[in-house]
Amino acid sequence: MLRQSHHAHVILEWPTDLAVSPMDNSLYVLDNNIVLRITESGQVSIAAGRPLHCPLAGLERGVAGGQRAQLTPMEFAVSIAVSYHGAIYVAETDERKMSRIRKVSVDGEITHLAGSPSDCDCKNDANCDCYQTGDGYAKDARLNAPSSLVAAPDGTLYVADLGNIRIRAISRNGPTPSGSTYEVASPDAQELYVFDGNGTHQHTASLLTGDSKFTFSYSTENDITAVTDSSGNTLRIRRDPNRTPVRIVAPDNQVIWLAMSTNGGLKTLTAQGQELVLLTYHGNNGLLATKTSEIGWTTFYE
């Protein structure tokens, strides 16, 4: 499998679409169900898709539960786009029963974003209903031979739904007013997040049952002080006079000590005198640089 090479040494087979990353100006090429990334320095790597000549190494799961994009075969890929946050979108369709859009995160995990399978042949069956009216969740949408994708700066993904002769918009979940609170749903996590009028997270509930999963408590200064689950177990956050969190008290009364960096980021977690994790950051921007576990294993973030 191609890990990294120079562009002069790469032979393309059937390039059909291009996209440029707004983050680092890398060029992405859709070539015969493979998405290639070409950096400004000319280095080429596979961003998504598994070449047919590469052995199937098992679809390993990433940290967020998605499959690794480099090990996942693409099917009838027709278009790509890159978001302003670095995510890659791939439209796939056989023009009959399968029309979908998949998303490759910046961590390299691929997940299903939009499009549900059709029970009939959208291309050859005149009675096949391949469009669903009204708005709804992207995963439930009926797409019909999507032909082009464009990612907008606000996070909206626009889809040319060719077979339905429509332009579809896939947007992030926005807050929905519900009385004095606002609700944000996450179909992937099957959770509903409830915020008050000031944007403070009050509850997390099951999207399927509506049952409360977590309740959050705050101080008069609006600092979080406790998280309680549906069984009544409470995790408490203790702070010093400067409102800096210094320790967490678990439901079983285990104490985990916190050390904060000068820029306000979490630096270490310590329990019973043993350091559990050490975190470092890129400058003062709050972006994680390294995470070192208690056994000395370090993960680097770019």
Side-chain angles (χ1 to χ4, degrees), residues 62-65 85-86 105-107 155 172-207 209-302:
V63 293
H85 301 286
S105 70
V106 293
D107 296 325
R172 296 179 178 178
N173 288 327
T176 303
S178 178
S180 60
T181 62
Y182 291 86
E183 298 178 347
V184 177
S186 172
D188 288 339
Q190 294 291 301
E191 290 181 336
L192 182 70
Y193 309 110
V194 182
F195 301 83
D196 65 14
N198 297 318
T200 303
H201 189 187
Q202 299 293 316
H203 308 283
T204 295
S206 168
L207 191 59
T209 66
D211 295 336
S212 177
K213 298 179 67 174
F214 300 103
T215 300
F216 302 88
S217 301
Y218 299 86
S219 66
T220 54
E221 292 84 9
N222 213 33
D223 295 321
I224 187 168
T225 58
V227 182
T228 303
D229 67 15
S230 58
S231 299
N233 300 308
T234 300
L235 182 146
R236 304 184 187 279
I237 298 95
R238 304 303 188 190
R239 301 173 182 270
D240 65 15
N242 295 320
R243 297 168 56 189
T244 301
V246 293
R247 67 183 184 274
I248 296 173
V249 182
D252 61 359
N253 290 324
Q254 180 185 10
V255 177
I256 299 175
W257 293 89
L258 314 175
M260 311 301 290
S261 63
T262 55
N263 63 0
L266 178 63
K267 184 178 180 181
T268 63
L269 294 175
T270 305
Q272 297 179 346
Q274 182 177 2
E275 190 173 271
L276 303 178
V277 66
L278 171 64
L279 306 174
T280 66
Y281 300 86
H282 291 286
N284 295 319
N285 59 17
L287 295 177
L288 190 62
T290 66
K291 180 180 70 174
T292 303
S293 68
E294 58 184 318
I295 61 173
W297 182 269
T298 300
T299 302
F300 295 86
Y301 301 89
E302 297 181 353

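The figures here come from the full heavy-atom set of this structure, side chains too, leaving out hydrogens, waters and symmetry mates.
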Side chains of [X] and [Y]: is there a donor and an acceptor less than 3.5 Å apart?
X: D211; Y: S230; answer: no
X: T292; Y: T298; answer: yes
X: S219; Y: T225; answer: no

Can you measure from [atom1] ([X]) to [atom2] ([Y]) and round to the nearest 0.5 angstrom?
X: H282; Y: Y301; atom1: NE2; atom2: OH; result: 10.5 Å
X: E275; Y: T268; atom1: CD; atom2: OG1; result: 5.5 Å
X: D223; Y: T244; atom1: CG; atom2: OG1; result: 9.0 Å
X: D107; Y: S105; atom1: CG; atom2: OG; result: 4.5 Å
X: I224; Y: T200; atom1: CD1; atom2: OG1; result: 10.0 Å
X: S293; Y: L269; atom1: OG; atom2: CG; result: 12.0 Å

TODO: Check step by step if side-chain contact (heavy atoms from CB on, under 4.5 Å) holds for L266 and Y281.
DONE: CA-CA 9 Å; L266 178 63; Y281 300 86; 3.9 Å; yes
Open item on the list: Can you confirm whether Q202 sits close enough to T215 that some side-chain heavy atom of one is under 4.5 Å from a side-chain heavy atom of the other?
Closed with: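 Counting from C-beta outward, Q202 and T215 never come under 4.5 Å.
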Side-chain atoms of residues 247-265: list all donor-acceptor pairs with protein atoms under 3.5 Å, sequence neighbours left out, distances to 0.1 Å.
unit_1: D252; atom_1: OD1; unit_2: Q254; atom_2: N; d: 3.0
unit_1: S261; atom_1: OG; unit_2: N263; atom_2: OD1; d: 2.3
unit_1: S261; atom_1: OG; unit_2: G265; atom_2: N; d: 3.1
unit_1: S261; atom_1: OG; unit_2: G265; atom_2: O; d: 3.0
unit_1: N263; atom_1: OD1; unit_2: G265; atom_2: N; d: 3.2

Open item on the list: Other residues, nucleotides and ligands only: do more than 12 of their heavy atoms fall within 6.0 Å of CZ on R239?
Closed with: yes
Open item on the list: Looking at Q272, I want to see if its CD is surrounded by more than 12 non-hydrogen atoms of other residues, nucleotides or ligands under 6.0 Å.
Closed with: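 No, the 6.0 Å shell around CD holds no more than 12 heavy atoms from other groups.
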- [ ] Would you list the pairs meeting ring-ring contact (aromatic ring centres under 6.0 Å, His included) in which at least one residue belongs to residues 216-242, sequence neighbours left out?
- [x]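 Output for this query lists H201-F216.
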Task: Pair K213 + E191: basic N to acidic O under 4.0 Å - done: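 Looking at K213 and E191, the cut-off is met.
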